[in-house]
Every structure is written in C-alpha cells, then in structure tokens.
Amino acid sequence: MATATALKPSGPKKLPPPNSDFYQFAETLGADELAVLKKVRTFMETKVAPIINKYWIEDAFPFEVLPAFKELNVGGLGIQGYDCPGGSQLLIGLVAMEMAKFDASIATFFGVHSGLAMGSIALVGSEAQKQKWLPPMARMEKIGCFGLTEPLVGSGTGGGLTTTAKREGDTWILNGQKRWIGNAPWCDISIIWARDLADNQVKGFIVENKTTPGFSVEKMLGKIALKVVQNGQITMKDCRVPEANRLAAGTQSFRDTARVLRTTRYYAGWETTGTQMGAYEHALKYAQERLQFGKPIGSFQLIQDLLAKMLGNITACQCMVVRCAQLADEGKLTEKQSALSKAFTTAKTRETVSWARELLGGNGILVDYNVARFFADAEAIYSYEGTYQMQNLIVGKTVTGFSAFV
Ligand SMILES: Cc1cc2nc3c(=O)[nH]c(=O)nc-3n(C[C@H](O)[C@H](O)[C@H](O)COP(=O)(O)OP(=O)(O)OC[C@H]3O[C@@H](n4cnc5c(N)ncnc54)[C@H](O)[C@@H]3O)c2cc1C
C-alpha cells in the first residue's frame, strides 16, 4: 500500500543554482573583505548585467554605471594609504574575477585604472607623486590608462620602445605613438613609457593628457572582443611633461615596468578565470532549461561531460590564481610564476568558453544569450598583458636555463 508521503504531489524539480565557485574560495576571505566582494557582486548583478549586452553591441562604455561604481570604494584596491582601501591580494583577485564573471570589459576597465595606472604610481612613483595622484584616482574622479604598447612594438616592448623622451632642463619632451591603450579615449591621466634619448633606458611619465598640448587619441574601431573597453591610439608630438611627473622612485629601466606587469599579469589570470565562470554559469542555466527530445539537455550525458570539463578547468585556474595571490601577499610572487598562471588560465579559458558556446547550439553565437560575449572577450585576454607565447618563453627560460627570446 502507498504511504501518505509517496502520494504527495511533487512540484517541479528544484534544480541547483549555477555556482562556479565549486571549491568555495570566496569563503576563505575574512568577513570585512567578503562584504566588499558581495558589494561588487550586487553592483555587477543589478547595474551592469542588465545593460551590458547593449553597450557591447554598440562598442560603447557605460558611463551611466560610473556613479555606482565609485560608491564601491574599490579604486586602488590593495594599495595602502593615499585614500586607497587597502585589502589583500586575494580580495583584489576575487573582485576582478567577480567583475569578469559578469563582464570582462568592466574588469579590464578597472584593472587598467586601478592596477596598471594607479599600480605604476604606487610601485614606482615618489612620495609626492603618490600624494598628488592616488587620492583622486582612488575616488575615481580621475581615471587612468597605461601606455606601453606601440603600433610597431607589441611583444618586443622590453627591447625596442620607439617613443622617445628628451630632457630639456626641468621638462621632458615626449614623441611617439601608443596603441591599444585601454581607457585612453576618455581618461584623464596616462602613464606613458618612453625611451630616454640620453641613456637609452625606459622611463615612465604621468601625463595629464587632457591638458597637454600635442597629446591626441584616436579611438580604435572594429574590435570583436572586449568591445566595452575603449582602446585608443595615442599620438604624442612634442608633449612637454615636467620632471615632477617622471615616475621617480626607481624607474631607471624597463625592469621597473616589469615590476608593474608582474602583478597585473596574474590579475589577467583572475579576469580570464572569471570569464570562464560567466560562460559556464550561463551555459549551465541554459542546459537546465532548454528542452530537446522532450528533456532538458542538461540531462544528457554528453552535455554533463561538457559541464564537468568546464568546471574542472575553472577550478584548476582558481587554484592557480589563489596560490599566486598567497605568494603575492607574502611578497614572493615572481614574474615567472605570474607568467605561468597567465598562460595556463587564458588557454583554459579559450577551451571553456568554446564548450559553453557549443552547449548553446545556435544561440551560442547570439549576444542576447550572453555566452557569445564571453566567448569573444576571452580572445583579447589571451593576447593582452603579454601573449601566450611570451609568457611561455618566460617560463621556458626559467625551467631550462636557456633564453629562447629572439
Ligand atoms: C583588448 C586589448 C587591450 C589592450 N590594452 C593595452 C593597454 O591598456 N596598454 C598597453 O600598453 N597595451 C595594451 N594592449 C596591447 C597588448 O599588450 C599587446 O597586444 C600584446 O602585448 C601583444 O602585442 P601585439 O598585439 O603587438 O602582438 P605581436 O607582438 O606583434 O605578436 C604577434 C604574434 O607573434 C607572437 N610572437 C611575438 N614575438 C615572439 C617570439 N619571440 N617568439 C614566439 N612568438 C612570438 C606573439 O605571441 C603573437 O602571437 C591591449 C591589447 C588588446 C588586444
């Protein structure tokens, strides 16, 4: 005879909500830092997610979200003092990953401003420069960019920058071009890396680009990835910059530029991991809802195999970047470790987002279904902050003892 329990009408099956933090890394944060992460999540969920596809299609930056972004108080995250919020490397990483889970362009905009531009000043700026520039940048009243790459020099920036700096008394005169510079078409402060004609060494300069004669920016058009980030081609014709704006604490060679890149490269590892998470969560939700042959496609074995492989990639990448954050917090993260994580995580992301795209069938190439945006954006992260090949050459040199750079 059937029991009362067995006769109870069963409602629709309650399905597990998508969760790409399978090993619960966010929970390793202390209460205060977890609260920051949750604030960022709410901002991304409520302000960014509903509008981002429109901006992605239009190749435009959503200035409408900036007021709420400023209220997050995350400008200069990780930097101590100068009105910056401080915070652990793990928090910086988890915030970047959380942003990228919703949109990689927003994570990139923030990474360029807070990590590359503010990070350059914090790492190699003088005390006076930090006091002058970091507080308004922390409040995001002034937005920064980082100009290293040039039209003719990308991977080879370490050996061959063509932008020049010539000293005349207390003034430096900059000439040359920079390409691909994120935030450049509308930002206020450009960190420009140029070769000193006197000693042939690379030096960094803080340029107030809106008021410096000879400084112009052309927005780059026709991108198929990270379309929300506005990239620019900068041209400098006899731009005069005061000696007080030369990053002075130690910038005597490209080694100082590399110090900045060491931290921001592994930041790219967090961004790309978040990109995979976003693609996976959208794909999983789709698999739970999309019916074929009268059943949710998520109930098919081959679809579950795709999802398990995606989650495996994501979790492996999370383990890697979390360990890098621990090393960074201990002051031990090396350029080589950073390079390995950037190469591995970006390569795995390409695999994950293509599986997510595949899972959605035709809808995988429609922006409205979200996965297409992550699929395309993964390509840019694979190449910026040093390509896959350059990172592996750094690792290859470390493990073999032979440099294979040409
Ligand atoms: C969306 C986006 C945002 C960006 N934002 C910024 C920014 O804000 N600031 C900034 O300064 N730059 C920025 N960049 C530039 C980025 O860092 C460069 O694109 C990157 O360093 C590669 O340079 P490149 O594109 O000139 O490629 P190239 O250097 O021309 O490389 C082309 C190919 O050759 C390979 N290659 C080159 N040398 C070797 C070698 N020795 N051995 C083997 N293979 C090699 C590369 O791996 C690559 O596959 C951005 C780029 C993109 C796409």
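Remember, it's 1-based here, ligands and their atoms both numbered in the order they're listed. No hydrogens, no waters, no symmetry mates; every other heavy atom, side chains included, goes into these values.
- The side-chain contact (heavy atoms from CB on, under 4.5 Å) test with Val322 singles out one residue from Leu94, Thr28, Leu90, and that residue is Leu90.
- The residue from Gln337, Gln89, Glu385, Lys342 that alone fulfils the side-chain hydrogen bond (donor to acceptor under 3.5 Å, both in side chains) condition with Tyr266 is Gln89.
- On a distance-only criterion, Thr149 and ligand 1 share at least one N/O pair closer than 3.5 Å.
- Atom 37 (C) of ligand 1 has its closest protein heavy atom at Ser155 OG, 3.7 Å.
- Considering only heavy atoms from C-beta on, Gln318 stays 4.5 Å or farther from Trp270 through its side chain.
- Less than 4.0 angstrom separates some heavy atom of Ile181 from each of these atoms of ligand 1: 7 (C), 8 (O), 9 (N), 10 (C), 11 (O).
- Atom 41 (N) of ligand 1 has Val406 CG2, 3.7 Å as its closest protein atom, hydrogens excluded (heavy atom only).
- Enclosure of atom CZ in Phe22 is not indicated, since only 12 or fewer non-hydrogen atoms of other residues, nucleotides or ligands lie within 6.0 angstrom.
- Between Met390 and ligand 1, no pair of N/O atoms sits closer than 3.5 Å.
- Distance from atom 46 (C) of ligand 1 to its nearest protein heavy atom, with residue and atom name: Thr387 OG1, 3.6 Å.
- Taking a 4.0 Å cut-off on heavy atoms, Leu393 registers as neighbouring ligand 1.
- Closest to atom 52 (C) of ligand 1, if we only count protein heavy atoms, is Trp180 CE3, 3.6 Å.
- If you look at Ser383 next to ligand 1, the close heavy atoms, those under 4.0 Å, all belong to the backbone.
- Remark: minimum distance from atom 8 (O) of ligand 1 to any protein heavy atom is reached at Gly182 N, 3.0 Å.
- Protein heavy atom in closest approach to atom 51 (C) of ligand 1: Tyr384 CB, 3.6 Å.
- Of the charged side-chain nitrogens involved, none lies within less than 4.0 Å of a carboxylate oxygen, so that Arg167 and Asp196 do not count as a salt-bridged pair.
- The side-chain tip of Lys166 does not point at the ring of Trp172 from less than 6.0 angstrom away and within 45° of straight on.
- Heavy-atom contacts of Gly154 reach the following atoms of ligand 1: 23 (O), 24 (P), 26 (O), 29 (O) (cutoff under 4.0 Å).
- A centroid separation of 6.0 Å or more is found between the aromatic rings of Phe205 and Trp193.
- Close approach to Glu385 involves these atoms of ligand 1, each under 4.0 Å from a residue heavy atom: 17 (O).
- Inside a 4.0 Å radius of atom 32 (C) of ligand 1 there is not any protein heavy atom.
- The environment of Leu66 atom CG is dense: over 12 non-hydrogen atoms of other residues, nucleotides or ligands sit within 6.0 angstrom.
- Counted within 6.0 Å of CZ on Phe25, heavy atoms from surrounding residues, nucleotides or ligands total more than 12; the atom is thus considered enclosed.
- Here the protein heavy atom with the shortest distance to atom 3 (C) of ligand 1 is Asn231 ND2, 3.3 Å.
- No heavy atom of Cys145 sits closer than 4.0 Å to any atom of ligand 1.
- Distances between N or O atoms of Val112 and those of ligand 1 include no value under 3.5 Å.
- Side-chain contact between Leu247 and Ile121: present, with at least one pair of heavy atoms (C-beta onward) separated by less than 4.5 Å.
- At least one heavy atom of Phe146 sits less than 4.0 Å from an atom of ligand 1.
- If you check the side chains of Lys348 and Gln276, you find no donor sitting under 3.5 Å from an acceptor.
- For Phe61 and Tyr55, the gap between ring centers reaches or exceeds 6.0 Å.
- Selection from Gln391, Glu150, Lys178, Gln389 by nearest heavy atom to atom 49 (O) of ligand 1 gives Gln389.
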